[in-house]
There are 2 protein chains.
Amino acid sequence: MSLTYIQSFVAVAEEGHVGRAARKLHLTQPPLSRHILALEDELGTRLFERTPRGMKLLPAGEVLLSHARRILAEVDMAIERTKGAGTGGR
Amino acid sequence: MSLTYIQSFVAVAEEGHVGRAARKLHLTQPPLSRHILALEDELGTRLFERTPRGMKLLPAGEVLLSHARRILAEVDMAIERTKGAGTGGR
DNA sequence: CGGACCCGATACCGAGACAGCATTGGATCG
DNA sequence: CGATCCAATGCTGTCTCGGTATCGGGTCCG
């Protein structure tokens, strides 16, 4: 599990499309596809349904999505607050 | 920023000692030391004070520690809940 | 029907990241 | 002043990871 994979997952979930999500993340399609597969492998569950039009979230994916957003928000906040405590807090 | 570095940071903060934290994480001292330096570099702030007896948290480190624990807990919960939604939810 | 097209998945390769070993440098203590 | 304990650094081998090229399947249109 890595923050990079979580970001990838959120992007694909939001776009419903690996290719578009890849462009958004300044990445190409293959590594992004592998991120999703790695997550699914690690969690032992399918997160998306593969359709001819793209990727559609499965229930397990919906569960992960809400957690993933919270995790990324927490990380951003941690960075900001710690930076603040270091420079401005002096 | 990576989850691995966050885990390293928490371990060092709790042990107050890079060497002991390394053993706890099944790692050696040098990479762990580099994790802390990388975090400090990325955040632009010192997180620990280096003393002859080990590492002592600075205020910015205290701030990060509380966030770090929450992040790791969130990740664990995300994994557990998603696994549950995939297998038990069927 | 059949070819063009769009999608994600896979094979392969090269660059970069990362852990471990060995060593350094600094500070304390006997 | 030598021994000891700490984190930091130089170096090397390995392994991860992203990019290019390609595949395989499904759909749509002529």
Side-chain angles (χ1 to χ4, degrees), chain A residues 1-62 64-65 68 72 75 79 82 86, chain B residues 1-62 64-65 68 72 75 79 82 86:
Chain A
M1 178 74 79
S2 97
L3 289 178
T4 305
Y5 289 1
I6 293 178
Q7 287 172 326
S8 297
F9 168 76
V10 171
V12 171
E14 285 175 350
E15 296 289 330
H17 195 286
V18 177
R20 272 195 295 275
R23 234 172 298 127
K24 197 173 169 183
L25 295 171
H26 306 289
L27 225 67
T28 56
Q29 177 258 321
L32 196 41
S33 181
R34 285 188 291 249
H35 292 181
I36 305 300
L37 292 171
L39 275 177
E40 290 181 331
D41 183 62
E42 180 175 350
L43 296 170
T45 313
R46 284 278 171 197
L47 299 171
F48 292 100
E49 186 192 339
R50 276 70 169 174
T51 78
R53 307 213 169 270
M55 310 281 273
K56 189 170 168 301
L57 270 180
L58 292 174
E62 305 261 17
L64 181 58
L65 181 56
L72 295 179
V75 169
I79 292 173
T82 306
Chain B
M1 177 75 80
S2 98
L3 289 178
T4 304
Y5 288 2
I6 293 178
Q7 287 172 326
S8 297
F9 167 76
V10 171
V12 171
E14 285 175 349
E15 297 289 330
H17 196 286
V18 177
R20 271 195 296 274
R23 234 173 298 126
K24 195 172 169 183
L25 295 171
H26 307 289
L27 223 64
T28 55
Q29 177 258 322
L32 196 40
S33 180
R34 284 188 290 250
H35 292 183
I36 304 300
L37 291 171
L39 275 177
E40 290 181 330
D41 183 62
E42 180 175 349
L43 295 170
T45 313
R46 284 274 170 200
L47 299 171
F48 291 100
E49 184 193 341
R50 276 70 170 173
T51 78
R53 307 212 169 272
M55 309 280 275
K56 189 169 168 302
L57 270 181
L58 291 174
E62 305 261 16
L64 181 58
L65 181 57
L72 295 179
V75 169
I79 291 173
T82 306

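Each chain gets a letter, A, B and so on, in the order its sequence line appears, and its residues count up from 1.
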- Message: Could you walk me through whether A:Lys56 and A:Glu15 satisfy the salt bridge (charged side-chain N to carboxylate O under 4.0 Å, His left out) test, starting with their C-alpha distance in whole Å, then the side-chain angles of each, then the deciding distance to 0.1 Å, before giving a yes or no?
- Response: CA-CA 9 Å; A:Lys56 189 170 168 301; A:Glu15 296 289 330; over 6 Å; no
Shortest non-hydrogen pair, B:Leu65 vs B:Ala13, comes out as CD1-CB, 4.0 Å
Exercise. Should B:Arg50 be listed as having a side-chain N or O under 4.0 Å from OP1 or OP2 of D:dC5?
Worked result: no
Q. Taking only side-chain nitrogens and oxygens of B:Arg20, does any of them come within less than 4.0 Å of OP1 or OP2 of D:dC5?
A. no
Next on the checklist: With a 4.0 Å limit, can you tell me whether A:His35 has a side-chain N or O closer than that to the phosphate oxygens OP1/OP2 of D:dG18?
Outcome noted: yes
Between A:Thr4 and B:Arg46, the residue closer to the 5' end of DNA chain D by nearest nucleotide is B:Arg46
The nucleotide from D:dA8, D:dT27, C:dA9 with an atom nearest the side chain of B:Leu37 is D:dA8
message = Is any side-chain heavy atom of A:Leu47 closer than 4.5 Å to one of A:Leu58?
response = no
d(B:Thr82 OG1, A:Met1 CE) to nearest 0.5 Å is 7.0 Å
B:Tyr5 OH to C:dC18 C1', in whole Å, measures 7 Å
Distance test, side-chain N/O of A:Thr28 to OP1/OP2 of D:dG18, below 4.0 Å = no
Between CE of B:Met55 and P of D:dC6 the distance, given in whole Å, is 13 Å
From CZ of A:Arg34 across to C1' of D:dT22 the rounded distance in Å is 13 Å
From CZ of B:Arg23 across to P of C:dG20 the rounded distance in Å is 14 Å
From CD of A:Glu49 across to P of C:dA9 the rounded distance in Å is 13 Å
